[in-house]
Amino acid sequence: MRTLRSCAKQGWCELPELPEVETVASELNERLPGRAILGAEILWPGTIAHPSQERFASQIGGERIEQVGRRAKYIVVWLGSGARLLIHLRMTGGLTLEPATAPRSAHLRLAIPLDCHEELRFTDMRKFGRFYLLAPGEEMPLPSFATLGPEPLEDGFTVTVLAERLAARRGTLKAALLDQRLVAGLGNIYVDEALFHAGLHPCRAPQSLRPEEIAALHGAIIIVLRRAVGAKGTTFSDYRTTWGRTGAYQEELSVFRKQGVPCPRCGTPIDRGVVAGRGTHWCPACQR
DNA sequence: CGGACAACCTGGTTGC
DNA sequence: TGCAACCAGGTTGTCC
């Protein structure tokens with residue numbers, strides 16, 4: 001119970017996964033296309049992963065924003081020159097669009113001044129978030145980006161694809177679903193929720209799943225993510241959309257950080273343990 | 001190659 | 001009361 005109680009008050013409980021990144025990207029895509037970028041004010045140097053701080057600031061100035069999208073947990077901003085800006089929020093990162101004169105958070109790491117006296121602001125208490133500015137035609141410098149798995153809400157994510165990838169895995173089902181090479185965009189919250197909806201125990205061996213269990217898992221991943229996108233994500237404490245609003249999916253969570261709470265399906269108290277090095281939550285009666 | 005795990009960080013909570 | 005230890009987790013890097 002200690003973790004549950006303490007989490008309710010802590011500020012690190014924003015965990016941007018696919019639904020949260022999708023919400024931020026789609027809102028930015030409604031607000032940013034056509035806007036001019038004036039430069040970059042870097043308050044925490046580690047935020048800029050590529051290229052150097054100096055080149056980042058000089059190259060982004062004068063660009064015009066064309067479109068904003070998402071790949072896995074990355075926000076992708078297409079710029080007028082053909083350059084791309086990729087942003088990973090990691091644990092506590094958040095993007096807001098605010099008047100340049102609005103009060104700044106103590107955790108502001110990067111401000112990108114735009115026309116019309118507004119700023120795109122990146123706030124990140126724990127400093128894990130990263131920005132990559134890629135020249136036209138340049139590839140992401142991270143090898144892991146090229147090996148990202150299929151988008152779970154697009155056509156390429158089929159039961160067959162999931163079955164093939166699970167068949168090649170050892171270790172636990174939880175670890176397999178957290179691996180961005182297997183399927184892109186899931187994190188700790190939605191893996192636990194999807195496993196609950198599929199009725200599968202997180203410690204199951206991926207190779208042991210029967211065809212109907214794989215089909216149930218495939219459907220559960222899609223349903224949980226779609227509903228969470230519809231709710232604009234999960235806010236435990238600090239996660240906000242670009243308008244500063246909270247998500248609502250925390251009200252639909254079945255097991256994540258619900259240890260001791262009755263299972264919504266059978267009433268058995270939800271269990272908690274560490275699987276794949278992560279806090280993991282499941283119903284000991286419903287999940288086999 | 002895959003899997004396990006430390007490191008990166010902060011701040012609220014715990015325990016001495 | 002004070003303060004060090006602990007903990008959460010997405011991803012990378014290291015090791016076996």
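A note on names: the letters A, B, ... follow the listed sequences, proteins ahead of strands, and every chain is numbered from 1. Quick note: numbers below take in every heavy atom, side chains included, and nothing from hydrogens, waters or symmetry partners.
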Handout entry: Side-chain H-bond candidate by donor/acceptor type, A:E20 with A:Y190, under 3.5 Å
Key =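 Side-chain D/A pair, A:E20 to A:Y190: present.
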Exercise for the section: Check the side chains of A:T280 and A:K174 for a donor-acceptor pair under 3.5 angstrom, ignoring hydrogens and angles. Expected result: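 Indeed, the side chains of A:K174 and A:T280 share at least one donor-acceptor pair under 3.5 Å.
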Exercise for the section: For residues A:F157 and A:H218, establish whether the separation of their ring centroids is below 6.0 Å. Expected result: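 That pair passes the under 6.0 Å test.
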Do [X] and [Y] have side chains that get closer than 4.5 Å, going by heavy atoms?
X	Y	result
A:L85	A:I75	no
A:L120	A:I37	no
A:L110	A:F131	yes

Practice task
Could you tell me whether A:G277 contacts a base, only the sugar-phosphate backbone, or nothing, with contacts defined as non-hydrogen atoms closer than 4.0 Å?
Solution key: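 It contacts nothing in the nucleic acid.
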Practice task
Could you tell me whether A:L142 contacts a base, only the sugar-phosphate backbone, or nothing, with contacts defined as non-hydrogen atoms closer than 4.0 Å?
Solution key: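 The residue A:L142 makes sugar-phosphate contact but no base contact.
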Within the pair [X] and [N], is there a side-chain N or O less than 4.0 Å away from OP1 or OP2?
X	N	value
A:R257	C:dA8	no
A:Q180	C:dT11	yes
A:R278	C:dG10	yes
A:H88	C:dT11	yes
A:R109	B:dC9	no
A:T92	B:dT10	no

Practice task
Nearest 0.5 Å please: distance from the CG atom of A:L32 over to the CD atom of A:Q67.
Solution key: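 Answer for the CG-CD pair, A:L32 versus A:Q67, is 11.5 Å.
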Exercise for the section: Name all stems that contain residues of DNA chain C, defined as runs of 3 or more consecutive Watson-Crick or G-U wobble pairs, both distances under 3.5 Å. Expected result: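 Stem list for DNA chain C: B:2-8 with C:10-16, B:10-16 with C:2-8.
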Handout entry: Nearest heavy-atom neighbours spanning A:R265 and A:C286
Key =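 Shortest heavy-atom separation between A:R265 and A:C286 comes out as NH1-CB, 3.5 Å.
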Between [atom2] on [N] and [atom1] on [X], what's the gap in Å once rounded to a whole number?
X	N	atom1	atom2	value
A:N188	C:dT11	CG	P	11 Å
A:L177	B:dG3	CG	C1'	16 Å
A:E17	C:dG10	CD	P	6 Å
A:Y132	C:dG10	OH	C1'	11 Å
A:L86	C:dT11	CG	P	13 Å
A:L178	C:dT11	CG	P	9 Å
A:K174	B:dA4	NZ	P	14 Å
A:K127	B:dC9	NZ	C1'	8 Å

Problem - Given C:dT12, B:dT10, C:dG10, the nucleotide with the shortest approach to the side chain of A:S144 - result: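 For the A:S144 side chain, the nearest candidate turns out to be C:dT12.
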Problem - Same-atom distance (P) from B:dC9 to C:dG13, integer angstrom - result: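 The same atom, P, in both gives a distance of 13 Å.
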Handout entry: Pair listing, side chain to side chain donor-acceptor pair (under 3.5 Å) test, anchored in residues 78-87 of chain A, at least two apart
Key =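 As it turns out, the side chain to side chain donor-acceptor pair (under 3.5 Å) pairs with a partner in residues 78-87 of chain A, which skip direct neighbours, are A:E63-A:S81.
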Practice task
Go through residues 71-78 of chain A and report each residue with a non-hydrogen atom lying under 4.0 Å from DNA chain B, sorted by number.
Solution key: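 Per residue number, the list is empty: none.
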Practice task
For the pair A:H281 and A:Q287, evaluate side chain to side chain donor-acceptor pair (under 3.5 Å) and give the outcome as yes or no after the intermediate values.
Solution key: CA-CA 10 Å; A:H281 316 74; A:Q287 292 176 255; over 6 Å; no
Practice task
Nearest-nucleotide wise, let me know which of A:H107 and A:R170 is further upstream toward the 5' end of DNA chain B.
Solution key: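 Checking each residue's closest nucleotide, the 5'-ward one belongs to A:R170.
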